[in-house]
There are 2 protein chains.
Amino acid sequence: MTPPVPPSARSTSKGRHRATIADVARMAEVAPMTVSRVLTGAAAVRPDKVKRIQEAIQLLRYKPNETARALRSQRSRIIGLIVPRLSDPFFATIAHAVNNVAVDNGYSVLITTSNDEEETEYSQAQLMVLRGVEGIVIIPGAGYHSKLNRQEFEHICLVALDKPIDEPSIDSVFVENFEGSRTAVEHLIGHGHQRITCISDASDLYTLSKRQQGYEQAMMEHDLKINTITDCTAERASDRIRQLMQSKYAPTAIFTTNGPATRNVLHTLLQLGVKLPDDLALIGFDDFEFADMLQTSLTVIRQPASEMGRIAALRLFEQIQDDIEPHIGKVITLPVELVIRRSCGCKPRPSTTPRKPRASSR
Amino acid sequence: MTPPVPPSARSTSKGRHRATIADVARMAEVAPMTVSRVLTGAAAVRPDKVKRIQEAIQLLRYKPNETARALRSQRSRIIGLIVPRLSDPFFATIAHAVNNVAVDNGYSVLITTSNDEEETEYSQAQLMVLRGVEGIVIIPGAGYHSKLNRQEFEHICLVALDKPIDEPSIDSVFVENFEGSRTAVEHLIGHGHQRITCISDASDLYTLSKRQQGYEQAMMEHDLKINTITDCTAERASDRIRQLMQSKYAPTAIFTTNGPATRNVLHTLLQLGVKLPDDLALIGFDDFEFADMLQTSLTVIRQPASEMGRIAALRLFEQIQDDIEPHIGKVITLPVELVIRRSCGCKPRPSTTPRKPRASSR
DNA sequence: CTGTTAGCGCCTTCAC
DNA sequence: GTGAAGGCGCTAACAG
């Protein structure tokens, strides 16, 4: 039982062409327009014709060509998503959530990674527009001002995530970087610490500086001396931390402002044989898998990664569906959560199952 | 200095329409076709006209509509990528690499997550075809036979990654699941272990069974008794491991066959207060961030995630560019690597920097 | 080298 | 209810 070959079939190196709406119309003996109406439900069609058309669709295995639809209707049903790196679980989790929302809305996602490169981000965003995406969710890369504030993006739906684009009218979704950091540092202060150092890894200026500000606020409110290290990259971490721990103002607690900084610091502390939380207390911004299974389980500020992606995508679809002038400048800020484990000095609660790190969405 | 408005400009709720090739042709006083030739370089055009055309392009900020191009030329310059979950760092790292290859080839990536659901995977793959993707890289979901072996995918370029699609003619990229597992188990045997249990989490049948076979092979070659647990899910892990460790055949070493299994086992061992590697040795299949910073750093089999994505995408582009009948059934198998840390019982090498977990590509 | 014609597959518009 | 004409923006095919 070989399937019937569409009348318009031609053989190419890639095989037969798929059936078109004209093929269906011919087989059902109606006009292409009538088939279109059955497909889209745009207008009523006599039941007997509907039946003939549906039979033809079945027989020919007809499926509408979405590219042609997009060209004709100027609606691609595709959104774009730009992230710095997918190899970062935080961004990847956000991407997962964005995709789920898109699928729920009948949309597909065109994704790209900027690799934190200004030009890549810009050219890929442009390309997405040329491909007709109806909107873009972007996590701007670190270390530059995104060019997506340019005039050419003026009329396309846009939601910035995690960090802002330098243009006040763009909708944005952030977390409480300042408040979360202040909470974390206050927690350390509550444990009696006075010498607390804030350590960043010199990447993302926006989130890191907000978190540093939260640290500074907490310190100032308690009349404590501020000590911030901002260049604790993978290469320099070891030297900087050794130096810090050997200085006469060695801290009794550390607050790290993002995942990489936490990782770099932890690594060096392990090498130095520093025991958490006895020799030193530590709280990091951003949770990660296995944070609860380290030598000393880590107390962290958890960002709602999945929720961030979900909210950003939902906001994008609001823009798309309302058909509004997109750039309202709505800012949504999501709360973060202090997840208390052992590294801050808290005692483990005996009868409670340990807090699991970030769960995947769905 | 406001930019000139294209002659065809109309205002809509989303702002002006962008300039078309006809606008450029009009301004440069040539035929649209000539503009097209300048754009694509398909044929030579007289220098003076080229200049006029390029000026017009600049002035009108003309950019070609890629949807129209795709429709006309039947080449979307888009590939599809289907992964079970992006929240899994292994898949996300692969996705990152696939995207990089795509961008290098001037292509974009339409991504979707199947959430390990047969129907989602199938319908999303279909949708991608309707959107005109020139090929698909797919990581099939666990727990079912992918429907992408259906006739309707017969003529589209396809590369399966990590696990096979039940159709021998589809190109595939795997890792050495069997060999890697045998190596790991032999390593444990080399440490003198005789009672080694193999633990899986009841997810992906293909990779897990290959890895179990590798374990069994190593055990049989050394006349050791095989003991395989296949249902060590997050819910049951705790009971199963307790039970195992208290039985009179309690193992002296464990081999876990994937990341989740490793995680589940580790978690329970921590709760039970089992010390690695003294009370029990452990090797897990699949490396992860922080594997080197756990209570006892973990010895693992590392999969070349980034390389897997890169190779799969390259193979897809070979299919696309060669314009061959796609389904050759080429199988590429990548080697894995035993990363020795502490949990297997090896002594740390003093003067060496610890092996870092999976690095991100680029 | 350049322009004309035609049409990719679909849907908006307007007759009937 | 239904169909014919036309065009979304672009380029293949063919003249010249």
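Lettering follows sequence order; numbering is per chain, from 1.
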| note | Note: contacts of residues 30-40 of chain B with DNA chain D (heavy atom, under 4.0 Å) are Met33(B), Ser36(B), Thr40(B)
| query | Sequence neighbours excluded, which residues qualify as side chain to side chain contact (heavy atoms under 4.5 Å, CB included) partners of Ala22(A)? | reply | Thr20(A), Arg26(A)
| message | Just N and O in the side chain of Arg72(A): are any of them under 4.0 Å from OP1 or OP2 of dG7(D)? | response | no
| Does anything in residues 43-56 of chain A reach DNA chain D, meaning a heavy atom under 4.0 Å, and if so which residues? | Ala44(A), Val45(A), Arg46(A), Lys49(A)
| request: Measure the distance from CG on Leu130(A) to C1' on dC10(D) and round it to the nearest whole Å. | output: 13 Å
| remark: Applying side-chain hydrogen bond (donor to acceptor under 3.5 Å, both in side chains) to Arg131(B) and not counting sequence neighbours gives Ser108(A)
| Heavy atoms, side chains only, cut-off 4.5 Å: are Arg18(B) and Arg61(B) in contact? | no
| task | Name all pairs fulfilling the ring pair (Phe, Tyr, Trp, His ring centres under 6.0 Å) condition that reach into residues 107-137 of chain A, sequence neighbours left out, sorted by first residue then second. | result | Tyr107(A)-Phe317(A)
| query | In whole angstrom, what separates Leu71(A)'s CG from dC8(C)'s C1'? | reply | 9 Å
| request: Mind calculating the distance between CD (Glu66(A)) and P (dC10(C)) to the nearest angstrom? | output: 9 Å
| Between P of dA12(D) and CZ of Arg69(B), the distance in whole Å | 10 Å
| Interatomic distance, Lys63(A) NZ vs dG9(C) C1' [rounded to whole Å] | 16 Å
| query | What integer distance in Å separates Ile21(B):CD1 from dT2(C):C1'? | reply | 14 Å
| Is any side-chain nitrogen or oxygen of Gln74(B) closer than 4.0 Å to OP1 or OP2 of dG9(C)? | yes
| Set of residues satisfying side chain to side chain contact (heavy atoms under 4.5 Å, CB included) with respect to Ala312(B), sequence neighbours excluded | Val137(B), Val159(B), Leu161(B), Val173(B)
| Bend angle of the helix from dC1(C)-dG16(D) to dC16(C)-dG1(D), end axes from five pairs each (to 10°) | 40°
| request: Report the residues that fulfil salt bridge (Lys or Arg N to Asp or Glu O under 4.0 Å) with Glu55(A), sequence neighbours left out, ordered by chain and then residue number. | output: Lys51(A)
| request: Keeping to residues at least two apart or across chains, list the salt bridge (Lys or Arg N to Asp or Glu O under 4.0 Å) pairs with something in residues 27-44 of chain B. | output: none
| query | Can you list the residues that meet the salt bridge (Lys or Arg N to Asp or Glu O under 4.0 Å) rule with Arg310(A), with sequence neighbours excluded? | reply | Glu307(A)
| query | How long is the line joining CZ of Arg75(B) and P of dC10(D), in whole Å? | reply | 18 Å
| task | Output all residues satisfying side-chain hydrogen bond (donor to acceptor under 3.5 Å, both in side chains) with Thr34(A), sequence neighbours left out; order by chain, then residue number. | result | none
| query | How close or far is atom C1' of dC10(C) from atom CZ of Arg77(A), stated in whole angstroms? | reply | 15 Å
| request: Nearest 0.5 Å please: distance from the CD1 atom of Ile94(A) over to the OG atom of Ser306(A). | output: 9.0 Å
| query | Who pairs with Lys147(A) by salt bridge (Lys or Arg N to Asp or Glu O under 4.0 Å), at least two apart in sequence or on another chain? | reply | Glu119(A)
